[in-house]
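Encoded as structure tokens, the structure appears first; notes follow it.
On a predicted model such as this, the values are computed, not experimentally measured, just so you know. The basis for the numbers below is simple: all heavy atoms, side chains too, and nothing from hydrogens, waters or symmetry mates. In what follows, chains are A, B, ... by sequence order, proteins preceding strands, each numbered from 1.
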Amino acid sequence: AQSVSQHNHHVILSEAASLELGCNYSYGGTVNLFWYVQYPGQHLQLLLKYFSGDPLVKGIKGFEAEFIKSKFSFNLRKPSVQWSDTAEYFCAVNERAGSARQLTFGSGTQLTVLP
Amino acid sequence: DSGVTQTPKHLITATGQRVTLRCSPRSGDLSVYWYQQSLDQGLQFLIQYYNGEERAKGNILERFSAQQFPDLHSELNLSSLELGDSALYFCASSVGSSTEAFFGQGTRLTVV
């Protein structure tokens with residue numbers, strides 16, 4: 001079964017600092033990769049996705065992520081965070097083939113940005 | 001607004017009771033997913049339906065069941081409720097099984 005690991009449980013940064021959140025997955029087949037964000041008290045929203053092609057994908061709000069197939073990683077980055085980026089960030093994976101393609105989420109990383 | 005509608009937004013009920021959570025997917029989406037989010041367990045996949053058929057099962061308890069109706073809306077039934085079932089229950093929908101999922105606002109269930 002596929003699994004997703006997010007090693008940073010809580011990250012605290014000052015405004016304007018750079019961000020990188022780690023995500024590793026375990027699955028031998030072809031996968032689709034996603035990052036979702038959950039602002040306090042809200043539902044999950046899609047930040048960006050990778051299906052195929054350029055392994056560097058750009059999402060909303062200045063976020064980007066890089067897919068490194070050899071490392072089974074899909075790390076999220078942002079050059080300069082803002083206070084409004086305070087939220088929980090979830091990496092997710094689903095299989096591209098097969099009949100059961102549920103989205104499997106990591107445990108999430110809580111990002112706190114200090115003003 | 002993601003286009004996925006969940007009702008009710010909040011639900012408070014007693015242990016041993018049964019509740020039904022409802023989800024209307026985005027127009028055109030055939031897949032519906034149910035997730036449970038709690039502080040200690042994180043975001044847990046419960047079950048997926050695709051065009052009325054069960055497609056995948058995750059960590060769903062036997063006391064829980066779900067179905068997707070011909071109009072594609074879905075219901076999650078939780079019975080014999082326990083205090084530990086208190087959580088946020090999210091529904092998500094997608095066009096197919098391997099495209100991105102869009103989440104509803106969730107139903108916050110409190111079992112007292």
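At a 4.5 Å heavy-atom cutoff, the contact between A:Leu44 and chain B is made by backbone and side-chain atoms alike. For B:Gln37, the part lying under 4.5 angstrom from a heavy atom of chain A is the side chain only. Proximity to chain B (any heavy atom under 4.5 Å) is shown, for A:Gln45, by neither the backbone nor the side chain.
In this model, a donor atom of one side chain and an acceptor atom of the other lie less than 3.5 Å apart for B:Asp40 and B:Ser38. Counted by atom type alone, A:Ser73 and A:Asn24 present zero donor-acceptor pairs between their side chains at under 3.5 Å.
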Check the pair B:Tyr33 / A:Phe105 against ring pair (Phe, Tyr, Trp, His ring centres under 6.0 Å), numbers first and verdict last. CA-CA 13 Å; B:Tyr33 310 79; A:Phe105 283 85; 9.4 Å; no

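A ring pair (Phe, Tyr, Trp, His ring centres under 6.0 Å) with A:Phe63 is found for one member of A:Tyr36, A:Trp35, A:Tyr89, A:Phe34 and no other, namely A:Tyr89.
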